[in-house]
There are 2 protein chains.
Amino acid sequence: MTTLWDRTRQLASQEILATALRLFTEQGYDETSIAQIAREAGVSQRTLFRYFGGKEDLLGGGQERFGQVLTDTISTQPAEADVWEVLRAAIAAVLALHESHEEALKRFRLLHRTASLRAGWLEKRLRFQDELLPLIKARMDSADGAAELRARAVIATAFACLDAATMVWVDDDGEGDVMDLYDAGLAAVRG
Amino acid sequence: MTTLWDRTRQLASQEILATALRLFTEQGYDETSIAQIAREAGVSQRTLFRYFGGKEDLLGGGQERFGQVLTDTISTQPAEADVWEVLRAAIAAVLALHESHEEALKRFRLLHRTASLRAGWLEKRLRFQDELLPLIKARMDSADGAAELRARAVIATAFACLDAATMVWVDDDGEGDVMDLYDAGLAAVRG
DNA sequence: GCCAGTCTGGCAGTCACTGCCAGGCTGGCA
DNA sequence: TGCCAGCCTGGCAGTGACTGCCAGACTGGC
């Protein structure tokens with residue numbers, strides 16, 4: 001059962017998140033201080049840091065779930081499926097998590113335009129890749145060696161193409177479908 | 001002509017760099033404070049920050065040159081060369097910049113094991129990719145559209161394979177040649 | 001030997017982030 | 001209904017990276 005505490009927490013959390021996203025888009029990420037967000041959201045800095053681990057987490061978008069969704073999707077994929085198919089399905093599943101088109105575009109734009117955010121995101125993405133490694137490795141032909149290297153290369157390439165797709169998508173102001181762009185990018189790579 | 005100032009600067013710079021690398025490898029990047037490096041190198045914090053923009057730059061390795069070397073190598077490549085050949089040459093040129101095997105391994109290990117450093121490095125690498133974009137785009141078949149996307153995907157894939165190669169190389173304690181691993185990784189991707 | 005330009009160190013301040021502590025509110029229990 | 005235990009909050013102080021400012025020292029050219 002949800003207690004009053006839970007509801008209060010939920011409310012405060014949403015208020016903080018909304019305030020942060022508003023200020024970030026209005027004046028930029030680096031130009032917005034934690035103090036300002038806390039003030040305008042009506043909580044103390046200390047509390048804000050208790051709700052969210054750090055400034056980057058205020059962008060929200062539920063990135064914590066991404067890792068789980070990726071691994072889950074891959075695990076439920078048929079054993080005989082091609083690794084590229086498997087990765088495609090995982091990426092599609094993550095993209096499907098985004099709420100609205102506009103929100104996603106807003107967040108992605110912020111992400112790609114702010115160096116510090118971009119760095120943090122890339123780092124997080126690399127951790128996802130590490131989590132995927134054993135799953136993909138198990139699905140690779142273990143006949144010729146260097147399965148680790150090949151698995152790493154394939155995973156990294158898939159994300160690289162997703163990166164390219166996302167960037168083009170953002171540059172075109174959300175024109176077209178990210179998944180189509182991903183396919184086109186991968187096609188350009190694999191010939 | 002080199003003045004006394006230049007020589008002093010050079011000396012101080014090297015002393016700082018050496019101290020930093022030593023402390024980083026001894027106790028870890030995050031566990032080493034700027035104050036400690038400055039103290040042990042015999043300069044003030046203020047001066048240290050004047051020599052090097054920030055803590056990340058203290059890892060050295062001449063990463064500033066990388067962008068220049070990449071673009072230069074690509075520019076001097078024959079016009080009819082395949083984009084993959086061109087990118088391979090550029091990556092090989094950058095790898096050739098590393099002084100010694102041991103130093104390179106030490107730096108790479110630090111880079112891959114420290115989240116904050118890895119994030120910064122990935123960000124820098126992304127900027128290199130942006131610089132390469134027009135050069136590669138110009139070499140792509142402009143017949144079918146989406147040259148931007150295809151160029152982005154190809155560049156990102158090349159770096160992704162380099163990433164995979166470097167990681168495996170570090171995990172194997174510098175066994176084998178990074179370039180060979182790169183070729184193997186790219187082969188796994190392009191079939 | 002002197003002046004101008006440059007480099008240096010120290011100080012104070014900002015910003016993200018953390019530990020600690022006292023006070024307040026909530027939820028369950030008598 | 002009253003009360004105690006437990007969680008939650010805000011404030012305060014501290015750390016670590018980084019910047020602006022200023023005064024003092026040193027160097028290079030005249």
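These numbers were taken from a predicted model, which means no experiment stands behind them. In what follows, chains are A, B, ... by sequence order, proteins preceding strands, each numbered from 1.
Each of B/Arg46 and A/Glu56 was assigned the nucleotide of DNA chain C with the nearest heavy atom; the assignment lying further toward the 5' end belongs to B/Arg46.
Within the 4.5 Å cutoff, side-chain heavy atoms of A/Thr19 are placed close to those of A/Glu15.
Both A/Leu105 and A/Leu21 belong to a single network of hydrophobic side chains, linked directly or stepwise wherever heavy atoms of I, L, V, M, F, W or Y lie under 4.5 Å apart.
Atom CD in A/Gln45 sits about 8 Å away from atom P in C/dA16, given to the nearest Å. A straight line from CD1 of A/Ile16 to C1' of C/dA16 spans 16 Å, rounded to a whole angstrom. Taking atom CG of A/Leu58 as the reference point, atom P of C/dC15 lies 16 Å away to the nearest angstrom. When rounded to the nearest whole Å, the span between CZ of B/Arg7 and C1' of D/dC26 equals 15 Å. C/dC15 atom P lies 9 Å from atom NZ of A/Lys55, rounded to whole Å. Here the P atom of nucleotide D/dT19 and the CG atom of B/Leu48 are 12 Å apart, to the nearest Å.
The list of side-chain hydrogen bond (donor to acceptor under 3.5 Å, both in side chains) pairs with a residue in residues 77-97 of chain A, not counting sequence neighbours, reads A/Arg88-A/Asp183. Within the structure, the side-chain hydrogen bond (donor to acceptor under 3.5 Å, both in side chains) test picks out the following pairs touching residues 107-121 of chain A (sequence neighbours left out): A/Asp30-A/Ser116, A/Glu99-A/Arg107, A/Glu103-A/Arg107, A/Arg109-A/Asp173, A/Arg118-B/Glu123.
Legend: residues meeting side chain to side chain donor-acceptor pair (under 3.5 Å) with B/Ser44, ordered by chain and number and at least two apart, are B/Thr47.
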**Message:** Using side chain to side chain contact (heavy atoms under 4.5 Å, CB included), reason through A/Leu87 and A/Leu132 one step at a time and then give a plain yes or no.
**Reply:** CA-CA 9 Å; A/Leu87 284 168; A/Leu132 262 46; 4.1 Å; yes

Donor-acceptor contacts, no H, no angles, side chain residues 58-71 of chain A, under 3.5 Å, sequence neighbours left out:
unit_1	atom_1	unit_2	atom_2	d
A/Gln63	OE1	A/Lys124	NZ	3.0
A/Gln68	NE2	A/Asp72	OD1	3.2
A/Thr71	OG1	A/Gly67	O	3.1
A/Thr71	OG1	A/Gln68	O	2.9

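Near DNA chain C, meaning a heavy atom under 4.0 Å away, the residues from residues 24-36 of chain A are A/Thr32, A/Ser33, A/Ile34.
Ionic pairing of B/Arg127 and B/Glu131 is not present here: no N-O contact between side-chain nitrogen and carboxylate oxygen is shorter than 4.0 angstrom.
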What N/O pairs connect the protein and nucleotides 5-8 of chain C at under 3.5 Å? Give each pair on its own line.
unit_1	atom_1	unit_2	atom_2	d
C/dT8	OP1	B/Tyr51	OH	2.9

